[in-house]
Number of protein chains: 2
Amino acid sequence: MKQQKSEELESIKLAIREAGLRATPARIATLKLLYGATSPLTHSEVADELQDLGVDKATVFRNLNDMATAGLLRRTELGDRVWRFELVSKGGEHGSAHPHFVCVDCGTVSCMDEIKLTAGSMRLSQEFGEITEILLRGHCNDCG
Amino acid sequence: MKQQKSEELESIKLAIREAGLRATPARIATLKLLYGATSPLTHSEVADELQDLGVDKATVFRNLNDMATAGLLRRTELGDRVWRFELVSKGGEHGSAHPHFVCVDCGTVSCMDEIKLTAGSMRLSQEFGEITEILLRGHCNDCG
DNA sequence: TCCCTATTGCAATAGAGTTGCATTTGCGTA
DNA sequence: TACGCAAATGCAACTCTATTGCAATAGGGA
Ligand SMILES: [Mn+2]
Ligand SMILES: [Mn+2]
Ligand SMILES: [Zn+2]
Ligand SMILES: [Zn+2]
């Protein structure tokens, strides 16, 4: 058990270093947090969690942005003027880019897999450019 | 010609009043501006234009929001933390809700018609809720 | 034309994120 | 293992977009 945690810690440290960054406590805690998340987290969600560790919000911002630039995280804005970050893990379920659904009522964010445009739409979209991200908004089932 | 403009003016005033709002110079100018636009305009784009008329930016914000609430405009956030507004004209080409494409490089916004999800995706999306808006992001053809 | 209330201008305020700078610390190297 | 320096951090000030309070102004129905 303890051995497990130690291994996890080491693998997180390694990932950070392989991205060209230093494995600081704040960064390790951030990745641990995102590792256990089922949807992208906002800066304030991460900052709240790391406050116990005495990490400043500016540091959280810088780390999230730096790790996104380094390719460890993916950063998106889902229409509510707040940045959200999620893990870019090769093996993970949400490793690669995928559509998101945002409830315009309660703000809940869901990661969607398997959502695609029609072949015709794909063709038409080339007229505009190369699509890299799909965002769907609407009313979630809880909000009716 | 002059008669034409007068008729347009009257129809704009009428539309504002039918929405339950007063037809003020600032609102009329805003609608005229949006009437001639081919993509949604930001608050600052509208505010810059109305500055010549001596309209305050707070007034522009209030009018855009109020007219959106009243159903004359549609308000959206396309991922760059700026509100954009477009006309909700029954007859107009972009009258009803439609997908938008945003270039993550240059910020250009395009209104897309005819872009749809696959039937399978529509079915899967019901698991999350009712989709009311589709936003696509990527690299426009100008930006490569 | 009059009156009431919606609307406006102006300034202060809010929220999310960014930045400058002095201090601390990870980690490659000796 | 100890050292040195660039990277990272804490803290405060600042930017940008948008919102709000309040007194003055002006639509438009009666
Ligand atoms: Mn996701
Ligand atoms: Mn549009
Ligand atoms: Zn909801
Ligand atoms: Zn572009």
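Below, read A as the first sequence line, B as the second, and so on, with proteins coming before strands; counting in each chain starts at 1. These numbers come from a predicted model, not from an experiment.
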* To do: Determine the contact category for Arg62(B): base if any of its heavy atoms lies under 4.0 Å from a base atom, sugar-phosphate if only primed atoms, P, OP1 or OP2 are that close, otherwise nothing.
  => base
* To do: Would you mind classifying the nucleic acid contact of Ala58(A) as base, sugar-phosphate or nothing, using non-hydrogen atoms under 4.0 angstrom?
  => base
* Asked: Quick one: Trp83(A) CH2 to dG15(C) C1', roughly how many Å, whole number?
  -> 15 Å
* side-chain contact (heavy atoms from CB on, under 4.5 Å) evaluation trace for Phe101(B) with Cys140(B) -> CA-CA 9 Å; Phe101(B) 176 81; Cys140(B) 83; 4.0 Å; yes
* Asked: To the nearest angstrom, how far is Ile28(A) atom CD1 from dC27(C) atom C1'?
  -> 13 Å
* To do: Measure the shortest side-chain to side-chain distance between His100(A) and Cys111(A) over non-hydrogen atoms and say whether it is less than 4.5 angstrom.
  => yes
* Indicate the atoms forming the closest heavy-atom contact of Thr132(A) with Ala97(A), along with that distance. => O-CB, 4.5 Å
* Structure fact -> Residues Leu64(A) and His43(A): closest non-hydrogen pair is CD1-CA, 3.9 Å
* Asked: Does Arg81(B) make a side-chain N or O approach to OP1 or OP2 of dG17(C) shorter than 4.0 Å?
  -> yes
* To do: Mind checking Asp66(A) for me? I need base, sugar-phosphate or nothing, with any heavy atom below 4.0 Å counting as a touch.
  => nothing
* **Residue mapping more 5' on DNA chain D - nearest nucleotide basis, Val60(A) or Lys57(A)** => Val60(A)
* Asked: Is there side-chain contact between Lys13(B) and Glu10(B), with heavy atoms separated by less than 4.5 Å?
  -> yes
* Tell me: CG of Leu53(A) to C1' of dT24(C), nearest whole Å? -> 17 Å
* Which whole-number value in Å describes the distance from Glu10(A) CD to dC27(C) C1'? -> 14 Å
* Can you find a side-chain donor-acceptor pair between Asp113(B) and His98(B) that sits under 3.5 Å? -> no
* First and last nucleotide of DNA chain D touching chain A, 5' to 3', heavy-atom cut-off 4.0 Å? -> dA6(D) to dA18(D)
* In terms of the nearest nucleotide of DNA chain D, which residue is placed more toward the 5' end: His43(B) or Pro25(B)? -> His43(B)
* Over how many whole Å does the gap from Phe61(A) atom CZ to dG15(C) atom P extend? -> 14 Å
* Distance, nearest 0.5 Å, that separates CD of Glu7(B) from CG of Leu14(B) -> 12.5 Å
* Asked: Can you find a donor-acceptor N/O pair under 3.5 angstrom joining the side chain of Arg75(A) to the base of dG17(C)?
  -> no
* Round to a whole Å and report the spacing from CG of Leu41(A) to P of dG17(C). => 13 Å
* To do: Considering non-hydrogen atoms only, spot the tightest contact between Arg27(B) and Asp66(B) and give its length.
  => NH2-OD2, 4.1 Å
* Asked: Would you say the side-chain atoms of Asp80(A) pair up with the backbone N or O of Val104(A), donor to acceptor, closer than 3.5 Å?
  -> no
* Check the distance between dA16(C)'s C1' and Leu64(A)'s CG and give it to me in whole angstrom. => 13 Å
* Distance-minimising heavy-atom pair for Phe85(A) and Leu34(A) -> O-CD2, 3.3 Å
* To do: Could you check how far CZ of Phe85(A) sits from P of dA16(C), rounded to whole Å?
  => 14 Å
* In residues 11-21 of chain B, which residues come under 4.0 Å of DNA chain D by heavy atom? -> Arg17(B)
